[in-house]
Amino acid sequence: MTPQSAILPAASSHAIFLLLRRRLGRRADSKLAAYLSGIPAASKALHEMQPDTHLMSAIGFSADFWPELFGRERPAELRAFPHIPGAIHPAPVTIADLFLHLRAERADVLHDFASNFLDDVKDWLEPVEVTAAFRRREGRDLTGFVDGTENPELAERAGVALVGDADPAWAGGSYVHIQRYVHRMEAWNKLPVLQQEAIIGRTKASDEELPDDDRPRTAHISRVVIEEHGAELELLRQSLPYGVPGGDRGLYFVSYCRTPRHFEKMLARMVAPTDDGRVDHLLNFSRAVTGGAFFVPSIERLQALAAS
Ligand code: HEM
């Protein structure tokens, strides 16, 4: 089974993330299903015509929307974005049915592809949020810290991000979670670097993990590194910075995983005093304003929609 192209490769220079929802009273029909199933082929064809673009795509569907497209058969762990009991930082859930992740080396191609997509599906789906994002030098987030260092190596990514034998009918698919975070840049930039490093749990310039003894339990890294049965829970993050100078800006967080459990556990340890009474101090400087959970089926399973 072939994963959709945007999931596994190392970061591109640009991305556009689209969240859409069903128009009131409209149901997905065979015309929409056939169109959506053609997205991987359409992005591949454009890339082949203009190889310098490296256009890639991944399209996913919410638990609510799923039955309209795929009927009763569904991935074993497909469910809504988690509601975290006792959360003291916001982790809002956005009502969105479809997620489209577009990435490329050229922003103009992404813009055109996304515009055409919105136009083609407008009878059924309306945009909730469209976010253009970009890679900064060394993969640094707007906080100035390198983001993605501890992502799995390329060779290990499929094992982390893709459903395998545990759910063979949906092998090659992936559970994706998104959250748009808005950073409080003025407040963050006023912090001394040593304090910023204690909040992230890594050094800023050299991007090294702080030794365990120097790393507060409230550091971002301390919250999201979780061991279960002797192994660390892993995600494949494809997050990128977004926004405009002086306006809303921050991190568009995106993770792909073979199960939704890892993201859910990490988020719970960030926003709620779950087990040790601590939360993530990074969230004093950044706030989630959207959140969504989707399943991105393999290309073969998506293509089967056209025939249904
Ligand atoms: C404001 C939003 C966020 C920012 C700015 C941010 C930034 C960072 C940075 C700078 C690192 C260290 C470098 C690296 O290994 O990538 C990191 C690591 C990580 N983050 Fe985040 N992150 C954010 C949200 C999240 C969320 C929502 C999750 C999951 C629920 C998450 C999961 C992880 C994981 C798993 C690691 C790797 C930890 C390790 O193995 O050392 N992050 N993040």
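From a predicted model like this one, the values you see are computed outputs, not experimental measurements. The first residue in the sequence is number 1, and the count goes up from there.
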Worksheet item: In terms of the angle between their ring planes, are Phe70 and Trp66 parallel, tilted or perpendicular, with boundaries placed at 30° and 60°?
Response: parallel

Worksheet item: Can you say whether the rings of Tyr252 and Phe17 are parallel (under 30°), tilted (30 to 60°) or perpendicular (over 60°)?
Response: parallel

Fill in: Residue pair Leu98 / Trp124, side-chain heavy-atom distance below 4.5 Å
no

Worksheet item: Where the side chain of Arg287 meets the backbone of Val182, is there a donor-acceptor pair that is under 3.5 Å apart?
Response: no

Worksheet item: Atom NE2 of His183 and atom OG of Ser286: how far apart are they, to the nearest 0.5 Å?
Response: 4.5 Å

Discussion item. Donor-acceptor check, side chain of Arg202 to backbone of Asp207, threshold 3.5 angstrom: yes or no?
Written reply: yes

Practice prompt. Say whether Ser57 and Gln4, considering side chains only, have a donor N or O and an acceptor N or O under 3.5 Å apart.
Written response: no

Fill in: Near-ring test Phe295/Phe65, centroid separation under 6.0 angstrom
no

Response to the item:
On a heavy-atom basis, the closest approach of Ala58 and Ile7 is CB-CG1, 4.3 Å

Worksheet entry | Donor-acceptor contact below 3.5 Å, side chain His262 vs main chain Glu234 | yes

Worksheet item: Are Arg223 and Asp276 close enough, and set up right, to give a side-chain contact (heavy atoms from CB on, under 4.5 Å), and what steps lead you there?
Response: CA-CA 10 Å; Arg223 305 319 299 161; Asp276 60 358; 2.9 Å; yes

Worksheet item: Should the heavy atoms of other residues, nucleotides or ligands under 6.0 Å from NE2 of His54 be counted, would the total exceed 12?
Response: yes

Worksheet item: In Å and rounded to the nearest 0.5 Å, what is the CZ to OG1 distance from Arg180 to Thr131?
Response: 5.5 Å

Worksheet item: Do Phe134 and His14 have ring centres separated by under 6.0 Å?
Response: no

Response to the item:
Distance col, row Ile39:CD1 vs Ile299:CD1, nearest 0.5 angstrom, shows 12.0 Å

Item to complete: For residues Gln179 and Leu267, determine if any side-chain heavy atom of one lies less than 4.5 Å from a side-chain heavy atom of the other.
Response: yes

Worksheet item: In terms of heavy-atom contacts, does NZ of Lys204 have more than 12 from other residues, nucleotides or ligands at under 6.0 Å?
Response: yes

Worksheet item: With distance as the sole test, does Trp188 use its side chain to make a donor-acceptor pair with the main-chain N or O of Phe285 at under 3.5 Å?
Response: no

Worksheet entry | Glu153 atom CD, over 12 foreign heavy atoms within 6.0 Å | no

Discussion item. Is any side-chain heavy atom of Tyr256 closer than 4.5 Å to one of Val176?
Written reply: yes

Discussion item. Test salt bridge (charged side-chain N to carboxylate O under 4.0 Å, His left out) on Glu227 and Lys265; report intermediate values, then the result.
Written reply: CA-CA 11 Å; Glu227 268 204 21; Lys265 288 210 149 187; over 6 Å; no

Practice prompt. Verify, without hydrogens or angle tests, whether Arg215 (side chain) and Gly201 (backbone) share a donor-acceptor contact under 3.5 angstrom.
Written response: no

Item to complete: Decide yes or no on side-chain contact (heavy atoms from CB on, under 4.5 Å) for Leu233 and Met266, but give the supporting numbers first.
Response: CA-CA 9 Å; Leu233 300 185; Met266 290 177 192; 4.2 Å; yes

Fill in: Heavy-atom closest contact (Ser12 atom, Glu105 atom, distance)
CA-OE2, 3.4 Å

Worksheet item: Met270 and His89: which non-hydrogen atoms are nearest, and at how many Å?
Response: O-CD2, 4.3 Å

Fill in: Donor-acceptor under 3.5 Å (Ser62 side chain, Phe294 main chain)
no

Discussion item. Quick check: is Leu118 connected to Leu36 through a chain of hydrophobic side chains (ILVMFWY, heavy atoms under 4.5 Å apart)?
Written reply: yes

Discussion item. Measuring only between side-chain heavy atoms, which start at C-beta, is Phe117 closer than 4.5 Å to Tyr35?
Written reply: yes

Worksheet item: Does some side-chain heavy atom of Arg157 sit less than 4.5 Å from a side-chain heavy atom of Asn151?
Response: yes

Worksheet item: With a 4.5 Å limit on heavy-atom distance, are the side chains of Leu302 and Pro40 in contact?
Response: yes

Worksheet item: When clusters are formed by joining ILVMFWY residues with side-chain heavy atoms under 4.5 Å apart, either directly or through shared neighbours, do Phe145 and Val254 land in the same one?
Response: no

Worksheet item: Any donor and acceptor pair, going by atom type alone, linking the side chain of Ser174 with main-chain N or O of Ala161 inside 3.5 Å?
Response: yes

Item to complete: Provide the closest heavy-atom pair for Ala76 versus Asp167 in the form atom of the first, atom of the second, distance.
Response: N-OD2, 2.9 Å

Discussion item. Looking at Asp97 and Arg22, would you say the former's side chain and the latter's main chain have a donor-acceptor pair under 3.5 Å?
Written reply: yes

Worksheet item: Once you round to the nearest 0.5 Å, how far does OG1 of Thr143 lie from CD1 of Ile200?
Response: 5.0 Å

Worksheet item: Between atom CZ of Arg261 and atom CZ of Arg79, what is the distance when rounded to the nearest 0.5 Å?
Response: 8.0 Å

Discussion item. Working to the nearest 0.5 angstrom, can you tell me the gap between Leu69 CG and Arg74 CZ?
Written reply: 12.0 Å

Worksheet item: Are any non-hydrogen side-chain atoms of Arg106 and Gln50 less than 4.5 angstrom apart?
Response: yes

Fill in: Donor-acceptor under 3.5 Å (Arg269 side chain, Ser222 main chain)
yes

Worksheet entry | Asp120 bridged to Lys31 by N-O distance under 4.0 Å | no

Discussion item. Quick check against the 3.5 Å criterion: does Arg21 have a side-chain atom that pairs as donor or acceptor with the backbone of Leu125?
Written reply: no

Discussion item. With no hydrogens and no angle check, just 3.5 Å: does a side-chain donor-acceptor pair link Gln303 and Ser37?
Written reply: no

Worksheet item: Is Leu282 reachable from Leu191 through a run of hydrophobic residues whose side-chain heavy atoms are each under 4.5 Å from the next?
Response: yes

Fill in: Side chain to side chain, Asp119 and Asn116, heavy atoms closer than 4.5 Å
no

Worksheet entry | Which atom of Gly172 lies closest to which atom of Leu162, heavy atoms considered | O-CD2, 3.7 Å

